[in-house]
Amino acid sequence: KIIVGGEFTTFNDKPRAHIARLNSDGSLDTTFNPICGSDRNIWSVTVFEKTPGYPLIYIGGDFTLVNGEQRNSIARINPDGTLDYSFNPGTGSDGPVYAIAVQSNGSAIIGGSFTEIDSKARNNIARLNPDGSLDLTFNPGTGPNDAVYSIILRPGDERAYIGGKFTSFNLTRRMG
């Protein structure tokens, strides 16, 4: 199965607000019903399967609502498309989330164009605990000075590598 997110409000003539799941042949998977989806664009989708057979879907974007519930730019949904209430990012992000990478313990590193996560200062990169709360032990200092568009984790130690529009990280010159 393939999860897609974006600017769309229909998929194959069926209402799907910014998120859909496809079968391997490209047809719409109607068993995945995100009810009302998100109110705005989804820019990042990451699937994490900590429990075999039960993939959790992390979404990031510039939305404020997911399935009618307040979620600012970051949320996690269940395999059937319903909102995962056990993942609560508080007030969420004050700007769009463009990238998500999930570590093996379920913590999510998020990148985007924001200055706060749950009303706490974080410039364009942060890590959320498996329950969605901000991980205060992950402190990138001043962080990147502009948007983060991609994050990958190095196999083994799960060190995060980021890419984006920034020219410095923690006041040290780092071009993108």
Side-chain angles (χ1 to χ4, degrees), residues 1-8 11 17-22 34 37-50 55-66 71-77 84 87-176:
K1 308 256 180 179
I2 302 166
I3 307 279
V4 294
E7 296 184 63
F8 58 88
F11 199 94
H18 308 284
I19 190 164
R21 185 168 64 195
L22 311 180
S38 69
D39 64 333
R40 294 190 53 197
N41 301 327
I42 293 175
W43 300 122
S44 181
V45 177
T46 300
V47 178
F48 175 69
E49 190 169 348
K50 185 169 183 158
L56 296 171
I57 304 155
Y58 292 76
I59 58 173
D62 57 10
F63 50 82
T64 58
L65 298 172
V66 174
R71 289 292 187 270
N72 290 321
S73 301
I74 183 76
R76 188 170 70 193
I77 54 179
D84 182 350
F87 182 85
N88 185 349
T91 59
S93 171
D94 68 345
V97 171
Y98 297 122
I100 305 168
V102 182
Q103 297 177 306
S104 60
N105 69 352
S107 293
I109 299 175
I110 62 172
S113 185
F114 51 81
T115 58
E116 291 183 352
I117 299 293
D118 197 18
S119 301
K120 294 170 189 73
R122 287 295 185 273
N123 286 329
N124 307 309
I125 191 163
R127 183 168 62 195
L128 304 178
N129 293 309
D131 67 358
S133 62
L134 180 64
D135 182 348
L136 298 175
T137 67
F138 183 87
N139 186 350
T142 59
N145 68 337
D146 210 332
V148 172
Y149 293 117
S150 64
I151 303 171
I152 61 168
L153 300 176
R154 184 168 78 177
D157 66 4
E158 296 189 330
R159 182 175 295 194
Y161 291 86
I162 64 173
K165 195 174 168 184
F166 53 89
T167 57
S168 70
F169 187 99
N170 206 10
L171 304 178
T172 301
R173 184 176 164 91
R174 294 289 183 262
M175 302 299 289

- prompt: Do the ring planes of Y98 and W43 sit parallel (below 30°), tilted (30 to 60°) or perpendicular (above 60°)?
  reply: tilted
message: With a 3.5 Å distance limit and no angle check, can you tell me whether N124 reaches the backbone of D146 through a side-chain donor-acceptor pair?
response: yes
task: Find out whether D118 and S133 are in side-chain contact, i.e. whether some heavy atom of one side chain is under 4.5 Å from a heavy atom of the other.
output: no
task: Return the minimal non-hydrogen interatomic distance between F11 and V4, and the atom names on each side.
output: CE1-CG2, 4.3 Å
- request: Look only at the side chain of S93 and the backbone of F114, and say whether a donor-acceptor pair between them is shorter than 3.5 Å.
  value: no
- prompt: Do the non-hydrogen side-chain atoms of V45 and I59 ever get within less than 4.5 Å of each other?
  reply: yes
message: Using modelled atom types and a 3.5 Å cut-off, is there a donor and acceptor pairing between side-chain atoms of N123 and backbone atoms of G143?
response: no
message: Tell me if a side-chain donor or acceptor on T46 pairs with a main-chain N or O of A101 at a distance below 3.5 Å.
response: no
task: Please round to the nearest 0.5 Å and tell me the distance separating atom CZ of F63 and atom CZ of R71.
output: 9.5 Å
Side chains of I109 and I162 in contact at under 4.5 Å (non-hydrogen atoms): no
task: Go through the structure and list residues passing ring-ring contact (aromatic ring centres under 6.0 Å, His included) with F169, not counting sequence neighbours.
output: none
task: Check whether any side-chain heavy atom of L56 sits under 4.5 Å from a side-chain heavy atom of F87, and report yes or no.
output: no
- prompt: Where do N145 and T167 land on the side chain to side chain contact (heavy atoms under 4.5 Å, CB included) test, with the steps shown first?
  reply: CA-CA 7 Å; N145 68 337; T167 57; 2.9 Å; yes
statement: CZ (R21) and NZ (K1) are apart, to the nearest 0.5 Å, by 5.5 Å
query: Is any side-chain heavy atom of Q103 closer than 4.5 Å to a side-chain heavy atom of L153?
result: yes
- prompt: Are the side chain of N170 and the backbone N or O of T172 linked by a donor-acceptor pair below 3.5 Å?
  reply: no
message: Can you confirm whether the side chains of N72 and T91 place a donor and an acceptor under 3.5 Å from each other?
response: no
- prompt: Just how far is it from atom CG of L128 to atom CZ of R76, taken to the nearest 0.5 Å?
  reply: 10.0 Å
- prompt: Taking N129 for the side chain and D131 for the main chain, is one N or O donor matched with an acceptor at less than 3.5 Å?
  reply: no
- prompt: Can you name the one residue among T137, N139, I117, L136 that meets side chain to side chain contact (heavy atoms under 4.5 Å, CB included) with R127?
  reply: T137
- prompt: Do N41 side-chain atoms and D62 backbone N/O form a donor-acceptor pair below 3.5 Å?
  reply: no
- prompt: With a 4.5 Å heavy-atom cut-off, do Y58 and I110 have their side chains touching?
  reply: no
Nearest heavy-atom neighbours spanning S38 and H18: O-CD2, 2.9 Å
